[in-house]
Visitor: 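Starting off with a structure, shown below.
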Amino acid sequence: MIKVTLPDGSIKDFELDIVTPLDVALNISKGLAKKAIAAKVDGKLVDLSYPIKKDSEVKIITFEDPEGKDIFRHSSSHILAQAVQNLFPGTILGIGPAIKDGFYYDFDSEHKFTPEDLVKIEEEMARIIKEDLKYTRKELPREEAIKFFQDRGEKYKVELIEDLPEDAIISIYQQGDFIDLCAGPHVPSTSFIKAPKLLSLAGAYWRGSEKNKMLQRIYGTSFSKKSELDEYLFRVEEAKRRDHRKLGQELELFTLMDEGPGFPFFFPKGMIIRNELENFWRELHKESGYQEIKTPIILNQELWERSGHWQNYKDNMYFTEIDDSNFCIKPMNCPGGMLVYDSKLHSYRDLPLRYGELGLVHRHELSGALHGLMRVRAFTQDDAHIFMLPSQITDEIKGVIDLIDKIYKLFGFEYHVELSTKPEKAMGSDEMWEIATKALEKALEEKGMDYIINEGDGAFYGPKIDFHLMDSIGRTWQCGTIQLDFQMPERFDLTYIGEDGEKHRPVMIHRVAFGSIERFIGILTEHYAGAFPLWLAPVQVKIMPITDKQHDYGKKLYDELKKVGVRVELDDRNEKIGYKIREAQVQKIPYMLVIGDREVQDGTVGLRKRGEGDLGAVLFEDFKEQVLEEIKNKK
RNA sequence: GCCUAUAUAGCUCAGUAGGUAGAGUGCCACCUUGGUAAGGUGGAGGUCACCGGUUCGAUCCCGGUUAUAGGCUCCA
């Protein structure tokens, strides 16, 4: 007899020697058995046909579970691979995992896949699905597995097996005559995959290394119902409507031109958002005990050799020559900050010293990596370098975490945090790195923050805490970062005079909150879908006379609002009111003031609010007060 | 940088079996003075990304370059 414990704690007894998760599901309900695609037995994901031989905890996995989606998509990728091998014999398989919202499979093929091929492949997949082929699992000894895939010419699979640990269980899955190396589990049969869709083609290096051959990757997704697929495709379309590149064009915020790949141009309206963000930043930093500095964009090569950038960051830098000497365009603000610190003697009483800098940096990014405002070659970092006593490290880091959190909260951003550790290319001893990493960990833990560890992704001078924000299609972008650095103070021989009258070495934090102003504006644009809050909106109020009889009154209101600093426009064009409203609406302007004879008579305005529509007549003076109040409160 | 694709008016796009192009929108002018998401008429606007080749002739075919998109790699 086997006792099965279910997630709700209830126990089912089976009068059998061997039970499968499918038996368990059937025992619970017919509906669940129909939806079941795999199971978790004592914490391990297994097929529905897995033999349970002892008392176990069993959870039935359906498409609704995150693990269920992964299994489902993974099974879909096997169907994709089978279809491709059927249509293009000789195609060698790479890997085909499930990813967020879908799956992909990498292929090595003489044939260059085209978008038309995707249609054919989808048809073949539909055929395979209709055949309802069972996924069957088999475990093989290592040598046998290697020989099996070698005989089939699947060299990448052989490589994968060879890299598995000695004691790993090697399993293969078969559906029809298609066999793939795979840990599983899978759905029971191909007909489970109700709504597959191939999405795109891309190149991808084998094992993600540019030293390896580039394989052809086919991306797809799949759902348990057609309606879910349609909903997903609709969501993707919706997200495209929020794309900051599209909105940036429509709202005249910024542009990128052929003449400056990766070097964005900002239009007047984009500059308003930028300047508002910078004003806010200055205000907040002043309150938080920062002083502002500005360091040069071009500095001599010797400085960059001293800082270690020459040795570690050269590939990303631009260079120039002045009077026969070599100069570098700064990719980071820190060396300049070091020089500012070092330009005078500091007492321990001055520390922590917080130098903020809105610094324009240039970095040579790969052309293929450029992406709107999110990845550019010139951007302004809202940087700061904090020089402090070793005893102040934790408090300072916690202070920065609070500051960043405060900024993101104002905009209503959700974010996640990563801790990046020592990279391959790094300066300084392991001990230093250990101490620095521990300090960051400690601050995160004392703040009770969840974080994931990003092994080997730190800056070359120190470990870092990264803050990631999401764009409209779910990609995340690093914005804020806090980096702890023992190296630069050492290399620049920075000192402070301690209580004992002797020189000591300060510790330093590099940090940004917005990250890059450009990227932050990109993220903000998508976050608000272009409908910026009043305090950021390039045009806050638009006055729209119904006929030219109200132009004088309109001009008077315009002047009054302008005088108190409201960003206001007067639409005195010879157009109908419906037309003016439509245009202001498309431009996502927060407030429209419609004025006709009635309003002129009563000293009112016909108020129309973005998102709420016509609010009727209000006294102009009341509106003015209200709008000023809202701007002040950053609504 | 690599893979795949794309590049036509300010913007969004159509088009040509290879005979130098068209719509909508925006812009300008005129008519219309209209009360909460597009009133009418007319006009201007393009070396069809750039360079080369094939051809009597190239926006179209071929090659290269540049830029852009989606990935890979990299990163704020």
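Convention: sequence-line order gives letters A, B, ...; per-chain numbering from 1.
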Visitor: Distance check, P atoms only: B:C50 and B:G35, in whole angstrom units.
Guide: 49 Å
Visitor: Side-chain N or O of A:H364 versus OP1/OP2 of B:C75: is the shortest distance under 4.0 Å?
Guide: no
Visitor: Among all residues two or more places apart in sequence or in another chain, which pass the salt bridge (charged side-chain N to carboxylate O under 4.0 Å, His left out) test with A:K294?
Guide: none
Visitor: In what stems does RNA chain B take part, counting only runs of at least 3 consecutive Watson-Crick or G-U pairs whose two distances fall under 3.5 Å?
Guide: B:1-7 with B:66-72, B:10-13 with B:22-25, B:27-31 with B:39-43, B:49-53 with B:61-65
Visitor: So, A:F379 and B:A76: ring centres less than 5.5 Å apart, planes less than 30° off, yes or no?
Guide: yes
Visitor: Which is true for A:K580 with a 4.0 Å heavy-atom rule: it touches a base, it touches only sugar-phosphate, or it touches nothing?
Guide: nothing
Visitor: At 4.0 Å (heavy atoms only), tell me whether A:G208 reaches a base, stays on the sugar-phosphate, or touches nothing.
Guide: sugar-phosphate
Visitor: Given the C1' atoms of B:A21 and B:G45, what is the spacing between them in whole Å?
Guide: 14 Å
Visitor: Taking only side-chain N and O atoms of A:R245, does any of them lie within less than 4.0 angstrom of OP1 or OP2 on B:A69?
Guide: yes
Visitor: Check every strand shown and say whether A:V361 touches a base, only sugar-phosphate, or nothing at a heavy-atom separation below 4.0 Å.
Guide: nothing
Visitor: How far does the P atom of B:A44 sit from the matching atom of B:G34, given to the nearest Å?
Guide: 32 Å
Visitor: Could you identify which residues of residues 212-222 of chain A place a heavy atom less than 4.0 Å from some atom of RNA chain B, listed by residue number, or say none?
Guide: A:M214, A:R217, A:Y219
Visitor: For residues 247-255 of chain A, tabulate all N or O donor-acceptor pairs below 3.5 Å that involve a side-chain atom, not counting sequence neighbours.
Guide:
from: A:E250; atom 1: OE2; to: A:K246; atom 2: NZ; distance (Å): 3.2

Visitor: Considering only atom P, compute the distance from B:G24 to B:C61 and round it to an integer number of Å.
Guide: 27 Å
Visitor: How is A:Q478 classified with respect to the nucleic acid when contacts are heavy atoms under 4.0 Å: base, sugar-phosphate, or nothing?
Guide: sugar-phosphate
Visitor: Where do N or O atoms of nucleotides 63-66 of chain B meet protein N or O atoms at under 3.5 Å, pair by pair?
Guide:
none

Visitor: Expressed in whole Å, how much space separates the P atoms belonging to B:A76 and B:G15?
Guide: 44 Å
Visitor: Give the minimum heavy-atom separation between A:S77 and A:Y105, together with the two atoms involved.
Guide: O-CD1, 3.3 Å
Visitor: Check every strand shown and say whether A:L199 touches a base, only sugar-phosphate, or nothing at a heavy-atom separation below 4.0 Å.
Guide: nothing
Visitor: Base, sugar-phosphate, or nothing: which does A:K464 touch, judged by heavy atoms less than 4.0 Å apart?
Guide: sugar-phosphate
Visitor: Which parts of nucleotides 34-47 of chain B does protein reach within less than 4.0 Å, heavy atoms only, written one letter per nucleotide 5' to 3' as B for base, S for sugar-phosphate only and - for none?
Guide: BBBBBS--------
Visitor: Students often mix this up, so state it plainly: with edges at 30° and 60°, are the rings of A:F623 and A:F620 parallel, tilted or perpendicular?
Guide: tilted
Visitor: Please tell me which of A:G372 and A:S367 maps to the more 5' nucleotide of RNA chain B, matching each residue to the nucleotide holding its nearest heavy atom.
Guide: A:S367
Visitor: Is A:Y205 side chain donor-acceptor paired with the B:G1 base, going by distance under 3.5 Å alone?
Guide: yes
Visitor: If you measure from the P atom in B:U20 to the same atom in B:U59, how many Å do you get, rounded?
Guide: 10 Å
